[in-house]
Enquirer: 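For reference, the structure I am asking about is given below.
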Amino acid sequence: MNMKKLFLLLALSAVLFSSCTTFRFSGAQVSKNLPRFDVLGEFEVEVKVLELLGAPGGANFGNLSATKMDDAIYDAVQEEIASRNGDAAIDLTIEYKAQPADILLATITGNIISPATAFVSGTVISFK
C-alpha cells in the first residue's frame with residue numbers, strides 16, 4: 001500500500017470514528033440548600049429541532065448540530081419561567097426521542113436532515 005493510500009485511509013478513519021454527541025444540555029445547577037420558594041406551577045413542553053447528518057434522536061456526524069438542542073431546551077425553559085413570572089425551574093426532566101415522523105423524514109433524506117424531539121418537564125418556582 002503506497003503512502004497516499006495509507007494517509008487517505010487514516011484520514012477517513014479519523015473522520016468516521018470521531019466522537020458523536022447524541023445529546024448535550026449545559027447550564028444545569030444542583031443545590032442542596034435552596035432558599036425558601038413558592039411553587040408557581042409545573043410545565044411540560046415539546047422541543048423540536050432539525051439536526052444535520054445523523055440519526056433522529058441519536059448521534060450526529062462530527063457533532064455538526066449537537067448544540068442546537070441545548071439552546072432550544074434552554075430557551076423553552078426560560079420561556080416557561082418568564083410566563084409564570086418565576087425565578088427558576090427545578091425538577092427538570094429531559095427525554096430525547098425520535099418520533100415516527102422524525103424517522104420517516106430522516107429516511108427520505110438519507111439522514112441528511114434528522115429531526116429530533118425533546119420532552120421537557122419541570123416546576124417553576126419563585127424565591128421568597
Side-chain angles (χ1 to χ4, degrees):
M1 185 182 276
N2 67 26
M3 199 61 136
K4 272 187 176 179
K5 287 182 181 178
L6 181 61
F7 178 75
L8 184 60
L9 181 64
L10 288 174
L12 184 60
S13 296
V15 169
L16 289 175
F17 296 111
S18 64
S19 68
C20 294
T21 301
T22 59
F23 176 71
R24 178 180 159 259
F25 180 73
S26 60
Q29 298 179 15
V30 177
S31 176
K32 279 181 142 182
N33 301 318
L34 278 177
R36 295 181 58 123
F37 60 85
D38 291 322
V39 173
L40 301 178
E42 295 182 353
F43 66 90
E44 289 183 13
V45 64
E46 184 177 312
V47 179
K48 293 192 86 50
V49 171
L50 285 178
E51 297 184 343
L52 300 173
L53 300 177
N60 302 105
F61 180 72
N63 298 330
L64 290 176
S65 57
T67 61
K68 287 184 81 171
M69 187 60 82
D70 182 41
D71 297 336
I73 289 172
Y74 181 80
D75 291 345
V77 172
Q78 286 296 100
E79 285 177 24
E80 293 296 326
I81 293 168
S83 72
R84 291 174 170 80
N85 294 320
D87 295 315
I90 61 171
D91 299 331
L92 286 177
T93 299
I94 303 168
E95 188 176 352
Y96 194 54
K97 290 185 175 182
Q99 302 286 65
D102 299 338
I103 296 168
L104 180 63
L105 182 59
T107 301
I108 291 170
T109 64
N111 285 344
I112 292 172
I113 298 173
S114 299
T117 307
F119 297 91
V120 184
S121 62
T123 303
V124 176
I125 61 171
S126 175
F127 297 118
K128 292 183 178 184

Enquirer: If hydrophobic clusters are built by linking Ile, Leu, Val, Met, Phe, Trp and Tyr wherever their side-chain heavy atoms come under 4.5 Å apart, do V45 and I94 end up in the same one?
Expert: yes
Enquirer: Which residue pairs pass the salt bridge (charged side-chain N to carboxylate O under 4.0 Å, His left out) test when at least one of the two sits in residues 110-125, sequence neighbours left out?
Expert: none
Enquirer: Could I get the full list of salt bridge (charged side-chain N to carboxylate O under 4.0 Å, His left out) partners for D38, not counting sequence neighbours?
Expert: K128
Enquirer: Please, which pairs that meet salt bridge (charged side-chain N to carboxylate O under 4.0 Å, His left out) have at least one residue in residues 112-126, sequence neighbours excluded?
Expert: none
Enquirer: Run the side-chain donor-acceptor check on residues 78-92: report pairs under 3.5 Å with partners two or more places apart or on a different chain.
Expert:
residue, atom, partner, partner atom, Å
E80, OE1, R84, NH1, 2.6
S83, OG, E79, O, 3.4
S83, OG, E80, O, 3.0
R84, NH2, E42, O, 3.0
D87, OD2, S126, OG, 3.4
D87, OD2, F127, N, 2.7

Enquirer: Tell me, do F43 and V120 make a side-chain contact under 4.5 Å, heavy atoms counted?
Expert: yes
Enquirer: So which residues get pulled into I108's cluster when ILVMFWY side chains under 4.5 Å apart are joined, directly or through others?
Expert: L104
Enquirer: Sequence neighbours excluded, which residues qualify as salt bridge (charged side-chain N to carboxylate O under 4.0 Å, His left out) partners of E44?
Expert: none
